[in-house]
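Structure first, then comments.
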Amino acid sequence: MTKIACQAFFDGLMKTDLKHYTVKRKLASIRFFIGVSELPDPWKHSKLFARYINGKLKEKPALQKQAKPLKLADVRLANKVLNIDTLLGLRDAVLINVALDTLFRAANILAIEVKHIDWQANTIFAPRSKTDQTGEGHYGYLSDETATLLQKWLDVTNVKDGFVFRKLSPKQTVQKEPMQYQALLKRYEAVGMALGTDGKFTCHRLFLNKTQKTRIANENCYYP
């Protein structure tokens with residue numbers, strides 16, 4: 001009965017639009033509860049069943065769609081396209097410039113506070129990170145252009161302390177609360193649409209900052 005139920009569940013999943021790894025995670029959850037319930041695991045007790053599952057699962061594409069990477073040319077174009085005379089446009093410009101310069105993930109960007117900014121050294125300190133196992137934190141670089149935009153944002157919004165990137169009301173008034181993760185992703189999507197692209201920018205630390213890109217370009221080297 002367990003094998004019949006698992007196959008029926010799997011066949012149902014295969015008829016949906018769920019991706020390869022999503023189906024695998026759901027199957028892993030089922031196997032976990034089978035183990036907890038001390039029921040016979042059909043994956044272990046039936047080679048034919050295991051082969052059936054693995055064979056059918058290959059019909060689901062395993063390659064996950066990657067978001068569009070943020071590049072120097074995108075940021076330069078965005079700085080021209082975005083209306084930085086509005087709070088929304090200015091915040092968007094600061095967000096993508098900070099992302100490119102610091103190489104911070106989205107969570108790090110949203111956690112930036114005024115006290116983390118060193119204007120003399122042109123750096124931002126991230127007190128915690130997904131990959132920071134020791135909890136020592138790390139620093140991100142700011143170009144002069146980005147520092148100017150960031151200072152303008154703080155001046156216009158009159159943010160003296162606390163979180164740098166705040167919520168904006170529908171009437172574009174600055175709130176005390178910081179931006180939320182999903183709101184940041186939506187702003188990246190909006191910037192992509194403003195640039196005429198159909199992809200979404202990411203905020204993972206996989207970009208070269210402006211100084212690195214300029215240096216590599218001057219050396220006539222190729223970079224992605």
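Numbering starts at 1 and runs along the sequence shown. Side chains are part of it too, since the values below use all heavy atoms of this structure and drop only hydrogens, waters and symmetry mates.
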To the nearest 0.5 angstrom, please state how far the CG atom of L27 sits from the CZ atom of R25. 11.0 Å
Is any NZ, NE, NH1 or NH2 atom of the basic residue among E189 and K186 found under 4.0 Å from an Asp or Glu carboxylate oxygen of the other? no
What's the shortest heavy-atom distance between I96 and A78, and which atoms? CD1-CB, 3.2 Å
Between H116 and Y139, does the ring centroid distance fall short of 6.0 Å? no
Does the side-chain contact (heavy atoms from CB on, under 4.5 Å) test come out yes or no for L168 and V174, once each step is laid out? CA-CA 5 Å; L168 294 178; V174 182; 3.9 Å; yes
How many angstroms lie between OG in S46 and CD in Q7, if you round to the nearest 0.5 Å? 9.0 Å
First locate atom OG1 of T157, then atom CG of L90, and finally report the distance between them rounded to the nearest 0.5 Å. 8.0 Å
Between H138 and F104, is there a side-chain heavy-atom distance shorter than 4.5 Å? yes
Do N108 and F125 have side chains that approach each other closer than 4.5 Å (heavy atoms only, starting at C-beta)? no
Can you see which heavy atom on Q172 is nearest to which on T86, and at what distance? OE1-CB, 4.0 Å
Could you measure the distance from the CG atom of L142 to the CG atom of L100? Nearest 0.5 Å is fine. 11.0 Å
When you group the ILVMFWY residues by side-chain heavy-atom contacts below 4.5 Å and let the links chain together, are W119 and F165 in the same group? yes
Drop me the distance from M179's CE to I109's CD1, to the nearest 0.5 angstrom. 9.5 Å
Under 3.5 Å: donor-acceptor pair, side chain of S37, backbone of I34: no
Within-4.5 Å side-chain heavy-atom neighbours: W43 and I53: yes
Quick check: does any side chain N or O of R187 sit under 3.5 Å from a backbone N or O of R91, one acting as donor and the other as acceptor? no
Using a 3.5 Å distance criterion without hydrogens, assess whether the side chain of S169 forms a donor-acceptor pair with backbone atoms of K171. yes
Worked verdict on T102 versus Y141 for side-chain contact (heavy atoms from CB on, under 4.5 Å): CA-CA 5 Å; T102 62; Y141 162 81; over 6 Å; no
Taking side chain as C-beta onward, heavy atoms only, is F10 less than 4.5 Å from I30? no
With the side chain counted from C-beta on, respond yes when N79 and L149 share a heavy-atom pair under 4.5 Å apart, and no when they do not. yes
Please walk me through it: do V98 and I112 pass side-chain contact (heavy atoms from CB on, under 4.5 Å)? CA-CA 10 Å; V98 169; I112 295 174; 4.1 Å; yes
Measure across L184 and A106 and return the closest heavy-atom pair with its distance rounded to 0.1 Å. CD2-CB, 3.6 Å
How many angstroms lie between OG1 in T148 and CG in D144, if you round to the nearest 0.5 Å? 6.5 Å
Indicate if F163 and L185 have the same hydrophobic cluster label, given that clusters are the connected sets of ILVMFWY residues with side-chain heavy-atom separations under 4.5 angstrom. no
Is there side-chain contact between T2 and P42, with heavy atoms separated by less than 4.5 Å? yes
With a 4.0 Å cut-off on N to O distance, would you call D161 and K115 a salt bridge? no
When you compare the side chain of K58 with that of H20, does any pair of heavy atoms fall below 4.5 Å? no
Is a side-chain donor or acceptor of E38 paired with a backbone partner of V36 at a separation under 3.5 angstrom? no
Linking I/L/V/M/F/W/Y whenever their side-chain heavy atoms sit closer than 4.5 Å, directly or via other members, would Y21 and M14 fall into one cluster? no
Side-chain touch I117/L154, heavy atoms, less than 4.5 angstrom: yes
Report yes or no: does W153 contribute a side-chain atom to a donor-acceptor pair with the main-chain N or O of V164 at less than 3.5 Å? yes
Just checking, is any N or O donor in the side chain of D11 or Y52 under 3.5 Å from an acceptor N or O on the other one? yes
Intermediate values then yes/no, side-chain contact (heavy atoms from CB on, under 4.5 Å), T146 and N122: CA-CA 9 Å; T146 300; N122 268 27; over 6 Å; no
